[in-house]
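Input: a single structure, listed below in structure tokens.
Computed from a predicted model, the values in this text were never measured in an experiment. Scope of the values below: all heavy atoms of this structure, side chains included, with no hydrogens, waters or symmetry mates.
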Amino acid sequence: MGAYKINDWQNLKTEDINELQHALISWFEKNHRQMPWRETINPYYTWISEVMLQQTRVDTVIPYFLRFIDKFPTVKQLAKADEEEVLRLWAGLGYYSRAKNIHRGAKLICEVYDGKIPENQKELLKIPGIGSYTAGAILSIAYEKPAAAVDGNVMRVFSRLFLVYKDISEGSTKKEMEKLGEAVVSATNPSAFNQGLMELGALICTPNSPKCSSCPLSFICRARRAGVQESLPVKKKKEAVKSVNMELGLLQKGDKVLLTKRPPEGLLANLWALPAVEGTADGNAGRSIVLELQESYGIETSDPEPVVEKSHVFTHMKWNMQLFRLKLLSMSDIDYPEIQWVSLKEMDQYAIPTAFLKVIKEIK
DNA sequence: AAGACGGGGTA
DNA sequence: TACCCAGTCTT
């Protein structure tokens with residue numbers, strides 16, 4: 001069985017494409033899951049939900065989406081919000097640059113497009129946080145335009161349907177998949193077609209143990225015919241995660257804990273967290289965090305007392321967190337906006353990443 | 001082209 | 001533990 005060549009699809013018969021479209025769309029109409037952003041057609045809802053869904057599961061997104069549109073029902077209200085508030089509603093969802101981008105995007109849409117989300121790819125791609133996938137999703141789902149919306153699910157489905165052995169982690173493969181997506185998308189119902197591909201990838205054409213016996217497209221699936229569905233798509237192995245050592249300081253005043261706002265760039269940017277210093281795990285355990293608090297905020301403390309050591313694994317990084325209890329001796333009178341004493345009850349008023357929330361709650 | 005960037009589910 | 005995922009931006 002030879003590898004599929006993408007150009008083969010340009011030779012596909014119109015009837016075959018029609019058959020694919022019809023089978024997929026009718027399957028989607030019958031079998032799709034209910035989601036809050038599917039109840040009405042609202043480009044703002046499509047935009048917010050698609051950004052939240054980037055690298056994130058539906059079940060995780062739903063409560064965040066509902067809170068978000070409740071607080072910011074329109075683009076204009078989002079544009080007027082404080083970034084701090086946007087970030088607070090995003091806390092726990094991960095990839096926090098998405099929150100920053102969506103806020104910047106709302107301002108741009110209000111300033112340049114009078115609060116209306118653009119209807120063409122060129123303008124959509126100018127909005128921070130919208131790349132080729134999200135632009136295609138908005139065009140097809142919110143505006144019924146026959147654009148491709150190719151994400152990881154769709155690449156998996158395509159690689160199996162058309163027996164594509166090219167590595168899907170390569171940029172060139174994604175480009176070819178998008179060409180393919182444009183070639184096969186339904187002109188009459190691009191929304192159901194694109195969502196159908198993704199829903200199929202999520203429910204039937206899963207990464208492991210695909211449920212081919214329930215698949216509405218098994219009759220045209222070349223991987224299924226060849227019996228190789230389990231070994232597709234081809235994807236380059238990821239590098240091993242690198243380890244990062246981090247010292248955390250635990251300072252308590254009554255029932256309050258000291259939190260610091262993280263720097264505006266890099267990991268967990270702009271979120272509130274325990275005071276942290278990266279890159280040290282040596283014989284002088286805890287010394288760096290004492291120094292950091294002294295130099296940055298004029299906080300004098302007693303010697304560090306080890307409390308707990310925890311590791312937290314991110315996608316490509318393993319944090320080794322060493323937590324030290326520090327007794328507060330004195331503080332300067334200067335009011336630093338980037339440090340706060342916060343009680344456990346007040347924590348939900350701050351954008352605190354899950355990794356830190358877990359540590360803090362464990363201590364209390 | 002490669003690296004940075006969270007978190008939760010699953011085996 | 002290791003791998004997976006409804007991606008985008010920066011370098």
Rounded distance (Å) that lies between atom [atom2] of [N] and atom [atom1] of [X]:
X: L267(A); N: dG7(B); atom1: CG; atom2: P; value: 8 Å
X: Y133(A); N: dT8(C); atom1: OH; atom2: P; value: 8 Å
X: K236(A); N: dG3(B); atom1: NZ; atom2: C1'; value: 11 Å
X: R57(A); N: dG6(B); atom1: CZ; atom2: P; value: 18 Å
X: I130(A); N: dA6(C); atom1: CD1; atom2: C1'; value: 14 Å
X: N101(A); N: dG7(C); atom1: CG; atom2: C1'; value: 11 Å

Could you check whether V58(A) gets within reach of a base, just the sugar-phosphate, or nothing at all, counting any heavy atom under 4.0 Å?
base
Considering every strand and a 4.0 Å limit on heavy-atom distances, what is the contact class for G92(A): base, sugar-phosphate, or nothing?
sugar-phosphate
In residues 350-358 of chain A, what residues come within less than 4.0 Å of DNA chain B, judged by heavy atoms?
P353(A), T354(A), A355(A), K358(A)
For DNA chain B, which residues of residues 25-39 of chain A approach it to below 4.0 angstrom with any heavy atom?
none
Salt bridge (charged side-chain N to carboxylate O under 4.0 Å, His left out) partners of K80(A), counting only residues at least two apart:
none
With a 3.5 Å cut-off and sequence neighbours excluded, list the donor-acceptor pairs that the side chains of residues 325-337 of chain A form with protein atoms.
| residue | atom | partner | partner atom | Å |
| --- | --- | --- | --- | --- |
| R325(A) | NH1 | Q252(A) | OE1 | 2.6 |
| S332(A) | OG | I334(A) | N | 3.3 |

Should we say atom NZ of K76(A) is surrounded by more than 12 heavy atoms from elsewhere, each under 6.0 Å from it?
no
Which atom pairs, donor and acceptor, lie under 3.5 Å between side-chain atoms of residues 192-203 of chain A and protein residues at least two apart or in another chain?
| residue | atom | partner | partner atom | Å |
| --- | --- | --- | --- | --- |
| N194(A) | ND2 | S140(A) | OG | 3.0 |
| N194(A) | ND2 | A147(A) | O | 2.9 |
| Q195(A) | OE1 | R38(A) | NE | 2.9 |
| Q195(A) | OE1 | R38(A) | NH2 | 3.4 |
| Q195(A) | NE2 | S191(A) | OG | 3.0 |
| E199(A) | OE1 | R33(A) | NH2 | 3.1 |
| E199(A) | OE1 | R38(A) | NH2 | 3.3 |
| E199(A) | OE2 | R33(A) | N | 2.8 |
| E199(A) | OE2 | R33(A) | NE | 3.0 |
| E199(A) | OE2 | R38(A) | NH1 | 3.3 |

Summary of salt bridge (Lys or Arg N to Asp or Glu O under 4.0 Å) pairs that have at least one residue in residues 49-62 of chain A, sequence neighbours excluded
none
Rounded [atom1] spacing from [N] to [M] in Å:
N: dC9(C); M: dG8(B); atom1: P; result: 24 Å
N: dG9(B); M: dT8(C); atom1: P; result: 23 Å
N: dA6(C); M: dA11(B); atom1: P; result: 15 Å
N: dC5(C); M: dG6(B); atom1: C1'; result: 12 Å

Consider the side chain of Q55(A), meaning its heavy atoms from C-beta on, and name the nucleotide among dG7(C), dA6(C), dT1(C) that approaches it most closely.
dG7(C)
Note: for I168(A) and K174(A) on DNA chain C, the residue whose nearest nucleotide lies more 5' is I168(A)
Taking for each residue the nucleotide of DNA chain C with the nearest heavy atom, is it A202(A) or I127(A) whose nucleotide lies nearer the 5' end?
A202(A)
Taking only residues two or more places apart in sequence, or in another chain, which ones meet W272(A) in a ring-ring contact (aromatic ring centres under 6.0 Å, His included)?
Y350(A)
For residues 154-164 of chain A, which residue pairs pass the side-chain hydrogen bond (donor to acceptor under 3.5 Å, both in side chains) check, not counting sequence neighbours?
N153(A)-R156(A)
Inter- and intrachain pairs under side-chain hydrogen bond (donor to acceptor under 3.5 Å, both in side chains), touching residues 257-271 of chain A, at least two apart
E83(A)-N270(A), E84(A)-K261(A)
OP1 or OP2 of dG7(B) under 4.0 Å from side-chain N/O of Y96(A):
yes
Does R156(A) place a side-chain N or O at less than 4.0 Å from the phosphate oxygens OP1/OP2 of dA6(C)?
yes
Is the backbone N or O of W90(A) less than 3.5 Å from a side-chain atom of R98(A), with the two atoms forming a donor-acceptor pair by type?
no
Report, one line per pair, each donor and acceptor closer than 3.5 Å where one atom sits in a side chain of residues 205-219 of chain A; sequence neighbours left out.
| residue | atom | partner | partner atom | Å |
| --- | --- | --- | --- | --- |
| T206(A) | OG1 | N208(A) | O | 2.9 |
| T206(A) | OG1 | S209(A) | O | 3.4 |
| S218(A) | OG | C215(A) | O | 3.2 |

Looking at residues 44-54 of chain A, who's got a heavy atom less than 4.0 Å off DNA chain C?
E50(A), L53(A), Q54(A)
With sequence neighbours left out, which residue pairs that include part of residues 121-161 of chain A fulfil the ring pair (Phe, Tyr, Trp, His ring centres under 6.0 Å) condition?
F158(A)-F162(A)
